[in-house]
Amino acid sequence: DPAIIYDLGGKFDKSFNEAAFNGAKKWAEETGGTFKELEMQSEAQREQALRQLAESGANPIVMTGFAFGDTLNTVAPDFPDTKFAIIDMVVEQPNVKSVVFTEHEGSYLVGMMAALASKTGTVGFIGGMDIPLIRRFGCGYAEGVKAVNPDATVVLNMTGTTPAAWNDPVKGAELAKAQKSQGADVIYAAAGGTGIGVLQAAADEGILSIGVDSNQNHLHPGKVLTSMTKRVDNAVYNAFNDGEAMTAGLTVMDLKADGVGYAMDDNNAALVTDEMKAKVEEAAAKIKSGELKVHDYMSDNTCPAATF
Amino acid sequence: MDYATFLQIFDTTLRLATPLLFACLAGLYSERAGVFDIGLEGKMLMAAMASGAVAALSGSVWIGLMAGIVGSLAFALVHGIASITFRGNQLISGVALNFVASGITVLIAQDLFGQGGRTPPLEGGARMLEITLPLAETLRPVPVIGPLYADVISGHPILVYVGLLLVPATWWLLYRTRFGLRLRAVGENPASVDTAGVSVKRLRFSAVLIAGVLCGLAGAYMATGLQAGFGREMTAGRGYIALAALIFAKWRPWHALWACLLFGFFQSLALRPDVMQAVGIKIPGPALDALPYILTVVVLAGLVGKAVPPRAGGEPYVKER
Amino acid sequence: MMGAHDTGRQASAAPFAIELKGISKAFGPVQANKDISIQVAKGSIHGIIGENGAGKSTLMSILYGFYKADAGEILINGRPTTIPDSQSAIRAGIGMVFQHFKLVQNFTVLENIILGAEDGPMLATSLGKARKVLADLAREYELDVDPDALVEDLSVGHQQRVEILKALYRQAEILILDEPTGVLTPAEADHLFRILRGLKDQGKTIILITHKLREIMEITDTVSVMRRGQMTATVKTAETNPEQLAELMVGRKVLLHVEKQPANPGRTVLEVENLRVVDEQGVERLKGISLSIRAGEILGIAGVAGNGQSELLEVLGGLTRGTGVVRMNGKTLDLTGRHSDGQSRRADGIAHVPEDRQVLGLIMDFTAWENVAFGYHHAPEYQKNGLLMDNEAIRRDTEAKMATFDVRPPIPTLAAKNFSGGNQQKIVVAREIERNPDLLLVGQPTRGVDIGAIEFIHKQIVALRDAGKAVLLISVELDEIMSLSDRIAVMFDGRIMGERDPATTNERELGLLMAGVSEGAA
Amino acid sequence: MMDKLPKWADILLVPLISLLLAALVSALVLLAIGQSPMQALTVMVNGAIVSPYGWGYTLYYATSFIFTGLAVSVAYHAGLFNIGAEGQAQLGGLGVALACLFLPWPHWSLALVGAMVGAALFGAAWAAIPAWLQAKRGSHIVITTIMFNYIAAAVLIYLLVEVLRPAGQMDPASARFPATTSLPQFQDIPGLQSLFLRYAADGTVRLNAEGLPLYQKVPANVTFFLAILACVGVWVMLWHTRLGYMIRAFGKSEKAARYAGISAVKITMTVMLISGALAGLMAINNVMGQSERLLQNSAEGAGFIGIAVALMGRNHPVGVFLAAILFGFLYQGGAALGLETAIPIELRTVVQGLVILFTGALDQMVRMMLGWAFRARRTV
Ligand SMILES: Nc1ncnc2c1ncn2[C@@H]1O[C@H](COP(=O)(O)OP(=O)(O)OP(=O)(O)O)[C@@H](O)[C@H]1O
Ligand SMILES: Nc1ncnc2c1ncn2[C@@H]1O[C@H](COP(=O)(O)OP(=O)(O)OP(=O)(O)O)[C@@H](O)[C@H]1O
Ligand SMILES: [Mg+2]
Ligand SMILES: [Mg+2]
């Protein structure tokens with residue numbers, strides 16, 4: 001059986017981990033297969049979780065989150081016959097598949113959307129743990145905003161410096177309220193479970209929010225502008241489908257490959273005008289064709305559009 | 001830092017200080033009666049889970065609130081039985097109940113909702129709505145005072161106001177009523193109460209149960225007012241911060257209010273590193289998080305006046321050797 | 001002589017204020033009260049005497065509903081009354097002043113008085129009323145205290161007044177006082193007795209527990225004697241005398257006499273000059289003590305409890321700090337620094353039998369052998385291999401000591417708490433005396449110890465003296481002081497009032513000194 | 001009021017009954033959430049005892065719990081309730097990390113000694129301030145050690161995020177320790193090694209690319225033997241040295257200790273330093289022996305479990321050892337539950353809390369129940 005390990009924040013974070021869960025669920029529903037799953041409770045458990053699943057014969061084993069990288073590097077060689085897949089991190093081992101996403105591209109599109117929807121000219125970004133990966137979200141977003149409105153202000157906040165930042169809705173809500181008081185009327189949350197608090201506070205305060213990873217538009221219908229979808233579900237689904245035959249190596253899921261995007265559905269149809277959509281689609285096409293290149297924070301740890 | 005930011009931080013302070021205040025007052029009743037209570041955290045957590053779950057199931061925040069109080073009371077009762085009836089170690093009982101609460105809340109919530117120990121987000125009538133105080137909008141244009149009233153004082157869930165009112169009420173109860181006199185006496189010298197013909201057990205049980213109700217309010221506020229639902233470990237050490245505040249306040253109601261507001265202020269500052277940086281202070285986030293604990297140690301060290309706990313605190317009352 | 005024989009006649013007259021029938025009470029294995037019956041006439045002062053642990057306090061606590069009797073019956077004013085708790089006792093008109101006061105230290109006098117007797121749920125009304133009543137009571141009975149003072153700021157005598165006022169405020173008709181004078185100065189005691197007489201004149205009934213025969217003779221109308229949980233007799237005070245009471249108390253003819261040769265004092269072992277001790281509350285407990293003890297003599301210190309004797313022992317034993325000069329075998333002792341502790345004192349040849357064996361002298365949860373090493377755990381003969389304690393050696397030593405001192409049962413592995421009080425005391429005395437110290441400090445050596453053990457312990461102390469060692473003896477029992485000491489010093493209010501030769505002085509003279517009446521005035 | 005129990009009943013029966021009560025209540029909880037207690041027990045036993053892999057983990061956890069249990073016990077003998085073992089263990093981890101990262105070690109055995117010094121020093125240092133406050137200022141050690149747990153967490157987050165995290169790494173953790181500091185785990189120890197061989201489905205030993213046999217890797221390591229030594233050491237210290245004698249005397253009666261010339265300040269400080277050092281030494285097991293780098297929250301609550309272990313083991317090293325094994329079982333079994341069943345892993349927290357409650361706070365109730373039982377037997 002395949003297996004999946006969710007990172008801190010948990011399977012039901014309505015965001016990153018839940019997207020992974022949805023992919024696994026889809027696979028199970030389609031194939032009728034069963035899979036094992038584990039949720040992390042603390043940093044120190046990672047190795048035991050990995051080993052325990054591998055010992056139990058699970059194959060392949062998918063894990064969500066960069067934080068598994070170091071552990072996987074030491075565990076994978078002990079189980080040469082087991083296939084591993086890790087999301088958001090590159091681990092170079094003969095039996096590991098690494099899946100990374102071009103979050104800056106998706107964030108660029110929702111940044112444009114935010115700038116188009118904003119009336120105040122100020123928009124917000126609330127990141128989870130302050131790491132280069134999340135800055136990649138923030139940087140792409142800021143670039144998208146500036147592309148539409150070069151005078152716009154982007155208020156950037158990070159929730160914390162430890163994995164606890166993925167699961168702190170109280171702090172998310174307070175940061176959202178603070179950003180509103182600074183004039184932001186659209187806030188993009190790239191913070192896992194913390195985002196629940198951001199979206200809730202935005203809805204309570206009567207401003208718009210942007211979800212992340214999963215399609216979160218339904219959480220507060222008519223109040224979530226859109227969601228930057230990161231198709232973790234597809235990555236998990238594909239890995240499960242490949243089964244033991246999964247090939248090792250790096251897979252980049254970009255806009256062109258539908259790895260990232262923005263979500264449109266009934267819940268936000270009224271918020272997004274055709275004109276807005278047209279502008280965003282135009283940019284998307286340029287990115288796919290390579291005509292427009294969004295800056296990747298992780299390529300040089302700098303961001304031309306924003307300072308962190 | 002402009003006035004609006006200032007107001008925003010105080011607004012947050014008030015919101016975050018409220019659960020601390022309820023728990024701190026809970027500890028005050030219990031410890032003033034001579035029963036130490038390290039289990040504030042567990043009771044809050046239990047109440048948060050119970051109120052979040054019942055509010056989600058019933059759709060009514062008020063039924064949820066009652067459930068939160070009942071959940072917290074159940075733990076208070078066990079603490080009472082262990083430390084009053086069976087004269088067990090009050091500290092150990094509190095520590096134990098915190099563990100039980102930390103685990104059992106997840107077990108129950110997971111069983112009820114299957115969402116990893118979380119309740120579904122609360123909506124509509126299941127949430128505690130913010131109430132606007134009279135004249136808030138009318139007064140808003142008044143310079144300085146207006147925004148302060150409209151943005152900071154007004155616009156909180158009802159429990160915030162209940163918490164604030166509980167401070168003078170507690171003061172009055174403790175220092176102006178018969179019950180308060182006896183409660184304070186039983187924490188100082190239970191034998192004096194006993195020989196005066198008043199039941200030590202009954203007094204201590206009532207104090208412990210009052211603490212249960214107050215922790216219930218704290219937890220319910222967290223799950224239905226501050227946040228929209230319960231999440232595992234959502235009290236995040238607030239019970240211990242409340243304990244710290246209680247020591248900081250030297251077991252006095254008005255001081256408790258100031259201590260909780262101060263610690264709430266630290267918490268709200270920790271949320272706003274940008275503000276700290278803007279005014280040129282660079283305190284690492286973890287240092288801000290740890291500030292209440294550090295301050296408490298400083299107080300305990302007697303550097304800021306000595307904190308003398310109720311004299312009979314922590315000791316089970318034993319008549320016969 | 002038993003009070004029960006003429007019940008018939010008395011009952012036809014006024015009923016007794018209190019009548020107890022067959023009261024029994026056990027604490028675990030300790031039978032504190034055994035089938036006790038007693039009658040107290042209305043409007044009288046009834047004394048109860050008995051040795052430590054005889055069960056006096058227990059009996060009164062039962063009457064006050066603090067403890068529950070295992071068996072027996074209580075009649076108040078002739079009516080059978082059950083007293084399950086203090087509330088019922090108060091309702092029955094009983095008030096009690098405990099040996100250890102039951103006051104809330106950081107409450108005011110007024111708050112202490114209304115506690116449990118408030119009128120209605122609001123404090124304001126109760127406080128107002130209490131203030132008035134208190135003023136009346138103060139006038140009536142000479143019971144002045146500042147109603148707004150904090151109890152912790154009051155002297156012991158005033159705290160006692162608060163306790164009495166508490167009882168009177170609850171309109172007690174029967175007042176029980178448990179050893180009220182133990183902590184009082186003689187002047188305060190006299191004042192108390194005036195108050196008690198006043199109360200008696202108002203028709204109140206008073207039960208007074210005391211150890212002091214003088215007080216019994218002075219103030220009571222009838223007196224009951226308790227011994228080992230039983231009531232041995234009740235007599236009219238006018239028809240008895242101290243000798244008879246003492247005999248009833250200990251169960252045989254007393255005036256303990258210790259066989260000893262005249263002292264043969266040698267060089268000076270201990271010299272104390274201008275020793276002062278200030279306690280934690282900042283009260284000066286020793287106000288400049290000077291004394292000296294020579295080898296081969298016993299210096300007895302007499303005094304009412306609480307006049308600084310305990311502090312003297314403690315500062316010499318290294319438990320508390322003090323100022324002044326103390327020389328032991330010519331060496332000046334450290335009274336404030338690193339070496340002002342029990343270990344250093346032992347190293348300097350001082351052994352110490354503390355006043356309270358259960359709190360200081362023994363670890364009750366430790367075994368007998370562990371207690372034998374207590375304080376001497378650094379002794380070389382108890383060590384092995386340089387690093388470890390030689391538990392085997394300690395156990396052997398314990399067996400030897402238990403044999404010499406006839407400790408029963410002679411089981412080294414038994415926990416101290418499982419020995420009787422007398423045997424506990426023997427363990428402590430054995431441990432200290434067998435060290436063959438140059439100076440033995442010994443406080444209340446025979447408190448709560450049975451007669452046989454008393455004689456044995458006395459012999460050991462004298463034997464130590466005869467071996468050329470110095471002994472400082474502190475005891476509240478004048479008899480003990482008189483019969484053991486070679487010289488007697490009397491302490492009052494932290495000072496030494498004077499020194500007497502036991503051969504030429506008498507109880508009266510010592511009593512005056514103990515009451516603070518100085519030589520000139522005497 | 002209460003009948004005295006025979007000593008053997010007090011030492012054996014009371015903890016046993018408490019454990020049964022805790023198990024009973026846990027079973028009721030399981031039933032209430034619609035799970036089968038029997039199934040849970042089976043999964044736990046299978047996951048934690050039956051296979052070498054399982055007990056490799058059980059003993060790993062037990063090793064940590066022995067150290068923290070001893071830490072709590074030693075302090076308890078002096079009448080001090082050290083709730084700070086968690087923070088002290090985290091600081092111990094810092095000591096281990098610094099020793100392993102910044103000093104060149106030629107061989108693991110030397111590294112072990114160095115890391116032990118680091119762990120003990122840092123753990124003791126973290127206990128020193130609460131100890132000093134208790135000894136000198138009378139600040140309640142329970143409260144101060146709780147506060148110090150939180151402060152420790154903050155200190156570690158700061159250091160891991162700002163100081164120890166290698167450039168380019170995203171998770172807040174130190175760099176990996178050099179390979180020369182790697183402690184032998186059970187599958188590396190000759191004699192134990194063959195227990196951990198991996199077999200293919202056909203029963204043959206599995207080989208790696210180089211043709212060498214593959215072993216199951218368990219985190220239990222040589223620290224386990226150190227833990228046993230620590231038990232013996234603590235036992236000797238408490239019952240066969242002057243220090244232990246003074247600690248126990250002080251713990252039973254502070255006043256009497258003063259009479260005997262035992263300094264409250266000295267004993268409080270010494271005992272808390274020892275306690276902190278023992279808690280710190282736990283880090284050898286998890287930080288050096290297992291993760292081989294310093295992670296955030298490395299102690300994972302073992303400091304708190306130490307309280308349960310000490311209470312359950314009656315503060316005697318033998319008891320602590322047995323209780324630690326029991327809790328190791330509970331922990332590994334709990335992990336198996338999380339993997340194999342729908343029962344959340346938090347069940348083990350509940351059991352842990354209940355054990356503390358029944359052994360530490362409701363012990364009088366248990367004694368009373370036993371008292372009745374004894375009396376009933378006598379009258380029958
Ligand atoms: N609460 C108690 N628990 C257990 N034993 C007790 C208790 N109170 C008293 N005892 C025991 O009962 C016996 C009688 O004690 P009690 O206090 O009545 O004596 P007493 O005559 O008042 O002595 P004293 O003159 O020392 O006050 C003693 O052996 C004492 O140790
Ligand atoms: N709480 C306990 N839990 C488990 N075993 C215990 C406990 N207490 C005592 N024992 C057992 O009793 C034995 C003796 O205990 P202890 O060390 O207290 O005895 P001792 O009299 O000091 O022995 P020694 O003569 O060796 O000094 C221990 O080795 C142990 O096997
Ligand atoms: Mg008495
Ligand atoms: Mg031994």
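Proteins get letters first, then strands, A, B, ... in listed order; numbering begins at 1 in each.
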Inter-chain polar pairs, chain A versus chain D: which donor-acceptor atoms lie under 3.5 Å apart?
| residue | atom | partner | partner atom | Å |
| --- | --- | --- | --- | --- |
| A:Ser42 | OG | D:Glu300 | OE2 | 2.9 |
| A:Gln48 | OE1 | D:Tyr61 | OH | 2.2 |
| A:Gln48 | NE2 | D:Gln332 | OE1 | 2.6 |
| A:Gln52 | N | D:Tyr53 | OH | 3.3 |
| A:Glu55 | OE1 | D:Gln216 | NE2 | 2.9 |
| A:Asp70 | OD2 | D:Arg176 | NE | 2.9 |
| A:Asp70 | OD2 | D:Arg176 | NH2 | 2.6 |
| A:Asp70 | OD2 | D:Arg293 | NE | 3.0 |
| A:Asp70 | OD2 | D:Arg293 | NH1 | 3.3 |
| A:Asp78 | O | D:Arg198 | NH2 | 2.6 |
| A:Asp81 | OD2 | D:Arg206 | NH2 | 2.7 |

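- Contact annotation for A:Pro132: both backbone and side-chain heavy atoms come within less than 4.5 Å of a heavy atom of chain D.
- Residue contact with chain D, scored on non-hydrogen atoms closer than 4.5 Å, involves the backbone and the side chain of A:Pro163 alike.
- When each of D:Leu160, D:Val287, D:Val218, D:Leu295 is scored by its heavy-atom pairs under 4.5 Å with chain A, the top score falls to D:Leu295.
- Heavy-atom distances place no part of D:Ala173 under 4.5 Å from chain A, backbone and side chain included.
- For chain A, no part of D:Ala299 is nearby; none of its heavy atoms comes within less than 4.5 Å.
- Only the side chain of D:Ile345 comes within less than 4.5 Å of a heavy atom of chain A; its backbone N, CA, C and O stay farther away.
- For a residue to count as touching a neighbouring chain, one of its non-hydrogen atoms must lie under 4.5 Å from one of that chain's; by this rule A:Leu133 touches chain D with backbone and side chain alike.
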